[in-house]
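Data block below; observations after.
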Amino acid sequence: RQRPVHIALSYDEEVGCLGVRSLLEALRSKPVQPMLCVIGEPTELKPVLGHKGKLAVRCEVHGAACHSAYAPSGVNAIEYAARLIGELVQLGEGLKAPQHRDERFDPPFSTVQTGVINGGKALNIVPQNCSFDFEVRSLPAHDPWQVAQQLQRYAEQTLLPAMQAVSAQAAISFSELSSYP
């Protein structure tokens with residue numbers, strides 16, 4: 001039996017699969033739905049049945065600036081961001097536990113990493129702002145939002161009370177940059 005072959009191309013895969021979102025929306029409205037999808041992501045010519053999902057998040061830490069000679073009077077956003085990143089490392093280590101592994105993937109566990117950090121203006125000023133971007137590359141059975149939610153709980157329960165004891169305006173916020181299953 002003959003069947004047509006359609007080719008659909010997407011773009012910007014390395015910056016959040018931007019092109020595929022509009023492609024999926026367009027396919028949803030077509031009267032004929034695809035029976036099969038072959039994705040040309042590099043796999044060294046080995047067939048695979050899936051890939052890890054991704055959640056990318058930006059965390060913004062707002063402290064209180066002051067002259068470095070009076071550092072205890074300020075809230076150092078970089079230092080609090082560093083504590084958050086340290087917590088992320090610990091959360092990532094927990095994902096390596098045997099019960100979370102899937103040997104079909106390399107590495108066989110979900111991963112967490114911080115890829116971008118920005119903050120501070122001068123060495124003699126306690127930094128008021130710091131932001132960092134992190135990602136969770138998740139196995140199919142793992143919800144990457146669990147990591148983001150655990151980090152947010154750590155921020156709210158452990159860090160914010162100490163920050164706000166010095167400055168009521170201190171805050172930590174999280175925003176999604178991109179995600180795909």
*Mind checking whether Val136 and Leu88 sit in one hydrophobic cluster, side chains of I, L, V, M, F, W, Y counted as touching below 4.5 Å?*
yes
| Hey, is Arg153 close enough to Glu156 for a salt bridge, meaning N to O under 4.0 Å? | no
Polar side-chain atom of Asp102 near backbone of Phe105 as donor-acceptor pair, under 3.5 Å
no
Check whether Lys121 reaches the backbone of Asn129 with its side chain - one donor and one acceptor, N or O, closer than 3.5 Å.
no
Problem set entry | Geometric class of the Tyr70/His67 ring pair [parallel <30°, tilted 30-60°, perpendicular >60°] | perpendicular
Take a 6.0 Å sphere around CD of Gln2 and say whether it holds more than 12 heavy atoms from other residues, nucleotides or ligands.
no
Fill in: Under 3.5 Å: donor-acceptor pair, side chain of Lys52, backbone of Pro107
yes
Between Ser179 and Glu176, is there a side-chain donor-acceptor contact under 3.5 Å, judged purely by atom types and distance? yes
**Request:** Indicate yes or no for a side-chain donor-acceptor contact from Ser29 to the backbone of Ala26 under 3.5 Å, with no hydrogens or angles considered.
**Result:** yes
Report the C-alpha distance between Glu60 and Ile172 in whole Å, list the side-chain angles of each, state the deciding distance to 0.1 Å, and finish with yes or no for side-chain contact (heavy atoms from CB on, under 4.5 Å).
-> CA-CA 6 Å; Glu60 295 179 278; Ile172 300 172; over 6 Å; no
With Val75 as partner, the option from Gln169, Gln128, Met163 fulfilling side chain to side chain contact (heavy atoms under 4.5 Å, CB included) is Met163
- Item | Check: Ala170 main-chain N/O paired with Gln164 side-chain donor or acceptor under 3.5 Å | yes
Taken to the nearest 0.5 Å, the spacing of Arg83 CZ from Glu87 CD works out to 10.0 Å
task = Check the pair Arg137, Glu135 against salt bridge (charged side-chain N to carboxylate O under 4.0 Å, His left out), reporting the backbone distance first and the verdict last.
result = CA-CA 6 Å; Arg137 297 287 181 136; Glu135 69 175 11; 3.4 Å; yes
The single option from Ile85, Ile78, Asp133 that satisfies side chain to side chain contact (heavy atoms under 4.5 Å, CB included) with Ile117 is Ile85
> Phe109 and Leu151: same hydrophobic cluster, using ILVMFWY side-chain contacts below 4.5 Å?
Replying inline: no
Scanning both residues in full, the closest heavy-atom pair of Leu95 with Ser110 reads CB-O, 3.5 Å
Q | Co-membership, hydrophobic cluster, residues Leu139 and Phe134, 4.5 Å side-chain | A | no
Taking every heavy atom of Cys130 against every heavy atom of Ala81, the minimum-distance pair comes out as SG-CB, 3.6 Å
When Thr111, Leu55, Leu91 are each screened for side chain to side chain contact (heavy atoms under 4.5 Å, CB included) with Val147, the one that passes is Leu91
Following the transitive rule for hydrophobic clusters with a side-chain heavy-atom cut-off under 4.5 Å over Ile, Leu, Val, Met, Phe, Trp and Tyr, establish whether Phe132 and Leu160 coincide in one cluster. yes
message = Quick check on the hydrophobic clustering: are Leu84 and Leu177 connected, directly or via other members, by side-chain heavy-atom contacts under 4.5 Å?
response = no
Minimal heavy-atom distance between Gly74 and Val166, with the atoms involved, is O-CG1, 3.6 Å
